[in-house]
Amino acid sequence: MRISERVRRIAPSMTLAVSQKAAKLKAAGEDVISFGAGEPDFDTPDYVKRAAIEALARGVGKYTHVAGTVELRKAVAEETARVHGGAYSAEDVIVSSGAKHSLFNLFMALLDDGDEVVVPSPCWVSYPELVAMAGGKPVILETRADEGYRVDERRLAEVVSPRTRAIVLCSPSNPTGAVYDARTLEGIARVVRERGGPDTTIVTDDIYRRLVYKGEWHSMRRIAPDLADRILFIDGISKTYAMTGWRIGWCVGPRDLVTAMATLQGQSTTNAAAVSQAAALAAITGPQEDAERMRLEFDRRRQAMVAGLRAIPGVTLAEPQGAFYAFPDLSAFLGKHGIANDLQLAEWLLDKAKVALVPGSGFLAPGYARLSYATSMKNVEEGIRRIGRALGELA
Ligand SMILES: Cc1ncc(COP(=O)(O)O)c(C=O)c1O
């Protein structure tokens with residue numbers, strides 16, 4: 001079958017090879033420890049499940065407003081105002097089937113062919129792919145481990161121009177765990193004012209906002225309120241409430257943009273699943289103790305993983321401050337035993353140590369690897385021990 005050029009342009013996930021191999025080994029009964037998952041290992045909190053069951057009993061299984069139920073959009077608007085300041089209402093919100101879907105709708109509504117979108121790297125690879133799918137041109141801006149992955153104002157100024165339609169910020173970051181400090185955000189805002197055009201926007205992907213362990217999380221809108229009508233918020237329930245499979249995310253932004261996104265959604269997927277919307281409403285308006293309990297447990301694992309990785313000679317690691325990933329530099333181990341790159345190193349670690357991790361190339365950072373600590377403390381400790389033993393052979 002002839003596949004469309006549009007879809008052939010999409011890069012298949014580089015990370016798939018290792019995760020597929022890990023799944024195969026596991027199925028064959030091998031004791032594989034996986035640091036690959038981008039999702040909490042916890043179950044969805046009980047109060048959320050109960051709300052979903054009650055909603056089903058009430059008969060929610062019907063279409064909702066394309067942009068989401070008024071109740072959920074109101075709750076999202078209130079939370080947005082509480083976190084970021086300003087005033088938002090249900091009309092400024094569109095709920096989609098996951099934050100990734102929100103980003104897809106957003107870039108489709110925002111970009112014309114050739115419009116530039118600046119993406120600081122290492123980055124979640126879906127950003128450049130989503131931008132390209134919408135006809136835009138991803139402009140990758142490298143950030144450095146020894147600078148805490150901060151966006152350098154001068155280097156940003158070199159790539160931002162009136163052609164820039166958006167700058168995508170992800171704090172805490174997938175994959176580095178970096179959390180942007182206030183000065184970095186002030187610098188980015190300055191560049192947008194001075195180098196960008198009137199249509200240059202800032203997309204802040206706040207999906208890991210609640211998972212911060214060190215330092216303070218800052219809202220770009222609070223730092224640059226003068227840019228408020230050019231800041232587009234992406235958020236959702238997947239990571240904070242262990243609800244990846246429920247598929248609810250949202251975008252909050254200027255009403256004309258949100259309306260355009262709703263038009264697109266209305267002709268493609270219609271509303272996000274009604275029962276999931278009811279669950280999401282319960283998640284964000286209900287008691288927050290479960291979310292906090294999970295955050296504290298992630299932090300314990302983070303500390304164990306950071307200490308364990310840093311104790312391995314040859315591994316360097318900028319301390320992750322948020323999300324649930326560590327992103328060590330493993331380049332010291334390349335070029336040995338015929339291992340030429342991070343993909344081969346990941347495969348070798350899977351064969352040798354029975355540990356699955358995601359090669360850094362999957363995040364535009366060759367030589368690195370992403371390890372998720374969204375797995376049990378026992379797995380963190382044993383997995384890092386295995387990696388240390390295996391890498392010891394390459395030293
Ligand atoms: C940075 C970032 N943004 C957005 C998402 C999408 O989350 P979801 O579509 O599950 O809401 C993810 C998921 O991995 C992510 O890592």
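As the structure lists them, so they are numbered: ligands from 1, and atoms in each ligand from 1.
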**Item:** Check against ring pair (Phe, Tyr, Trp, His ring centres under 6.0 Å), Y127 and F107
**Value:** CA-CA 10 Å; Y127 295 137; F107 291 132; 7.5 Å; no
Which one of [options] has a non-hydrogen atom at the shortest distance from [atom]?
atom	options	value
atom 2 (C) of ligand 1	I234, T244, N174, D205	D205
atom 8 (P) of ligand 1	A99, P172, C123	A99
atom 5 (C) of ligand 1	F104, F324, W124, Y208	W124

Looking at [X], which atoms of ligand 1 are within less than 4.0 Å of one of its heavy atoms?
X	result
G98	9 (O), 11 (O)
S238	8 (P), 10 (O), 11 (O)
C170	1 (C)
Y127	1 (C)

**Asked** Does the side chain of Y241 come under 3.5 Å of the side chain of Q288 through a donor N or O and an acceptor N or O?
**Response**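 Indeed, the side chains of Y241 and Q288 share at least one donor-acceptor pair under 3.5 Å.
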**Prompt:** Any luck finding a side-chain donor-acceptor pair between R301 and N379 under 3.5 Å?
**Reply:**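 Distance-only check fails for R301 and N379.
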**Asked** Is the shortest N/O to N/O distance between R247 and ligand 1 below 3.5 Å?
**Response**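 Between R247 and ligand 1, an N or O pair is found under 3.5 Å apart.
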**Message:** Test of understanding: given a 4.0 Å heavy-atom threshold, classify the contact between H101 and ligand 1 as side chain, backbone, both, or neither.
**Reply:**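 It is neither part, as no heavy atom is under 4.0 Å.
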**Message:** Between F363 and Y325, is the ring centroid distance below 6.0 Å?
**Reply:**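 Not close enough - the centres of the two rings lie 6.0 Å or further apart.
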**Request:** Could you tell me whether D146 and R144 make a salt bridge, using a distance below 4.0 angstrom between a side-chain N and a carboxylate O?
**Result:** yes
**Message:** What I want to find out is whether R300 reaches E297 closely enough, with some N-O distance under 4.0 Å, to be called a salt bridge.
**Reply:** yes
**Request:** Step through the shown structure and confirm whether more than 12 heavy atoms of other residues, nucleotides or ligands are within 6.0 Å of CD on Q267.
**Result:**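 Check fails, neighbour count at 12 or below.
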**Asked** What's the shortest distance from atom 13 (C) of ligand 1 to any protein heavy atom, and which residue and atom give it?
**Response** K239 NZ, 2.8 Å
